[in-house]
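Since this is a predicted model, take the numbers as computed values, not measurements.
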Amino acid sequence: MTLIALNADVLVTMDAQRREIRDGALVADGPAVQWVGATAELPPQYRRMADEGTAQVLDMRGRVVMPGLVNTHHHMYQSLTRAVPAAQDAELFSWLTNLYMLWSHLTPEMVHVSTQTAMAELMLSGCTTTSDHLYLYPNGARLDDSIAAAQQMGMRFHAARGSMSLGRSKGGLPPDAVVEEEEAILRDSLRLIQQYHDSARHSMLRVVLAPCSPFSVTRELMRESAVLARAHGVSLHTHLAENDNDLAFSREKFGLTPAQYAESLGWVGPDVWHAHCVKLDAEGIALFARTGTGVAHCPCSNMRLASGIAPVRTMRDAGVPVGLGVDGSASNDGAHMLGEARQALLLQRVGHGPAAMGAREALEIATLGGARVLGRDDIGALAPGMSADFVAFDMSGVGYAGAGHDPVAALVFCTPTDVSTSVINGRVVVRDGHLLTADLPRVLTRHRELARTLFERAAGQ
């Protein structure tokens, strides 16, 4: 059915001209946007459909409408382990060490329900496309559990088949109990690509190959994953240069900087994006810019783990593709994409002054930036032919009072709010602030039960 959104106070297009249309409107038919402009200029055939009730009409009066936000890095299973006492005051390596054995008790249902919960949080915060990096598979858990949850939630999904193969006995960081054999990893990666990956325009599901990190997989797995991914046209993702210990590990084990290590394995190019890159040096930034290698910037997680301030201003100025990621809920403890855009702006200003990033640039990184990082040219903007993914924020609440002179900037500078409306692939998934694709109270009740079970099993081991 045709969908027509009318009367938006401002419609932020993120198109080539970066138009912000007052009293804006858009028309979507199926998964794609057909028309964008001022409500007064709505073509007669669509006006007639709206008047006759043959189209679904959304009145966006009092709202800012914009492209759906794009989340480029997450670990959704971690929503079961927020604010874990043993990991509250740790940096990356000790944080992981304290959590690995807890996560070893994950079950397929835990993966499924935690994905539903994380996606609900993202969708309500304005996110319409997300990646998720699932890199451990205990007790029969599979990436299929996440994929099934995404299909139920109606979210556009890049499912990253993560992996760990280098246990402590072989010089890696994770305990041997949570790693896999590399042959099995590659075999399952191929199965997932063949079963699920959809490269078509407006695709709702793509598969990504994502060995976890330099300190949890071998060089051979990194190389073989790159060969497999490129043979089948899928993207690559991993963690890189997250903090000082990460940098020291790379220099000690490989005699290379993280960027040099990635390049030596073929892990650069427009089909690759790396999470964090807090410690990416000038040579690495130049390499990423030259090759079109992407970065998932995770400001809240970087602050939470005291990893540092990623050089996003320098990256952007050099031409590195940069998107936003909320990262896992055990290192962020939240997954609010609009809030992440705000933190990205604030953190760059802390490090580089008030001119380091503006509100509109933060929103651009959260939309078009994320689309580019994920290798997509069909999301991140509202224009004819683009995917019908858009969200609306109600500006009448107390948090936006007094900000009517620039409501677009207010989305970033003011306290982050949830969406009033979200449309993904032409389908309304949030209406009047309520999620329509899941019984959220029921999901959250089960999520809390599973979180308790997870801790009880870990305590009893």
- Message: Is there a side-chain contact between Ser422 and Thr128 in this structure, where contact means two heavy atoms from C-beta onward sitting under 4.5 Å apart?
- Response: yes
- Nearest heavy-atom pair of Trp267 and Pro211: which atoms, and what distance? CH2-CD, 3.6 Å
- Apply the side chain to side chain contact (heavy atoms under 4.5 Å, CB included) test between Leu338 and each candidate in Leu124, Leu363, Val419, Asp418; give the one that qualifies. Leu363
- Taking C-beta and beyond as the side chain, do Arg316 and Glu364 meet within less than 4.5 Å on heavy atoms? yes
- Query: Quick one: are the ring centres of His237 and His133 less than 6.0 Å apart?
  - Reply: yes
- How many angstroms lie between atom CG of Leu324 and atom CD1 of Ile365, to the nearest 0.5 angstrom? 6.0 Å
- Tell me yes or no: between the side chains of His232 and Gln194, is some donor less than 3.5 Å from an acceptor? no
- Message: Nearest 0.5 Å, please: how far is CZ in Arg201 from CD1 in Ile379?
- Response: 10.5 Å
- Message: If we ignore hydrogens and angles and just use 3.5 Å, is the side chain of Ser125 paired with the main-chain N or O of Leu122 as donor and acceptor?
- Response: yes
- Only one of Val70, Asp378, Leu69 passes side chain to side chain contact (heavy atoms under 4.5 Å, CB included) with Thr129, and that residue is Val70
- Item | Gln348 side chain vs Arg313 backbone, donor-acceptor pair below 3.5 Å | yes
- Taking the side chain as every heavy atom from C-beta outward, state whether Val320 and Thr293 have any atom pair closer than 4.5 Å. no
- Message: Tell me the closest heavy-atom pair linking Gly126 and Val391, and the distance in Å.
- Response: O-CG1, 3.6 Å
- Query: Looking only at heavy atoms, what is the nearest atom pair of Ser216 and Cys212, with distance?
  - Reply: OG-CB, 3.3 Å
- Item | Validation row: Glu180, Asp188 side chains within 4.5 angstrom (heavy atoms) | no
- Report yes if the side chains of Phe249 and Asn243 come closer than 4.5 Å at any heavy-atom pair, otherwise no. no
- Is a side-chain donor-acceptor pair under 3.5 Å present for Thr218 with Glu182? yes
- Check whether any side-chain heavy atom of Leu80 lies under 4.5 Å from a side-chain heavy atom of Leu102, and answer yes or no. no
- Item | Under-4.0 Å salt bridge between Arg304 and Asp333 | yes
- Message: Quick one: does any side-chain atom of Arg251 pair with a main-chain N or O of Leu256 as donor and acceptor, under 3.5 Å?
- Response: no
- Check whether any side-chain N or O of Arg342 sits under 3.5 Å from a backbone N or O of Phe413 as a donor-acceptor pair, and report yes or no. yes
- Task: For Ser79 and His447, run side-chain hydrogen bond (donor to acceptor under 3.5 Å, both in side chains): C-alpha distance rounded to whole Å, both residues' side-chain angles, the deciding distance at 0.1 Å, then the answer.
- Result: CA-CA 9 Å; Ser79 64; His447 187 269; 3.0 Å; yes
- Task: Please check if the side chain of Arg156 supplies one atom and the backbone of His202 the other of a donor-acceptor pair under 3.5 Å.
- Result: yes
- His75, His73, His74 screened by ring pair (Phe, Tyr, Trp, His ring centres under 6.0 Å) with Tyr135, the one that passes: His75
- With distance as the sole test, does Asp198 use its side chain to make a donor-acceptor pair with the main-chain N or O of Ala200 at under 3.5 Å? yes
- Can you check whether His274 reaches Phe288 side chain to side chain, under 4.5 Å on heavy atoms? yes
- Query: Do His297 and Glu340 have side-chain heavy atoms sitting under 4.5 Å apart?
  - Reply: no
- Just checking, is any N or O donor in the side chain of Arg63 or Ser420 under 3.5 Å from an acceptor N or O on the other one? yes
- Would you sort out whether Arg142 and Asp145 count as a salt bridge (Lys or Arg N to Asp or Glu O under 4.0 Å), showing the intermediate values? CA-CA 6 Å; Arg142 302 192 303 166; Asp145 303 316; 5.5 Å; no
- Query: Strictly by modelled atom types, are Trp273 and Ser235 linked by a side-chain donor-acceptor pair under 3.5 Å?
  - Reply: no
- Query: At their closest point, which heavy atom of Ala438 faces which heavy atom of Val443, and how far apart are they?
  - Reply: CB-CG2, 4.4 Å
- Does the side chain of Thr130 come under 3.5 Å of the side chain of Asn71 through a donor N or O and an acceptor N or O? yes
- What pair of heavy atoms forms the shortest contact from Pro31 to Asn425, and how long is it? CB-OD1, 3.1 Å
- Task: Identify the two heavy atoms, one from Leu382 and one from Asp15, that lie closest to each other, and give their separation to 0.1 Å.
- Result: O-CB, 4.4 Å
- Message: Between His239 and Phe215, is the ring centroid distance below 6.0 Å?
- Response: no
- Test item: Arg372 side-chain N/O and Val322 main-chain N/O as donor-acceptor pair under 3.5 Å: no
- Message: If we ignore hydrogens and angles and just use 3.5 Å, is the side chain of Arg161 paired with the main-chain N or O of Ser189 as donor and acceptor?
- Response: no
- Checking Asp9 side chain against Gly62 main chain: does a donor-acceptor pair fall under 3.5 Å? yes
- Side chain of Asp327, backbone of Asn332: donor and acceptor closer than 3.5 Å? no
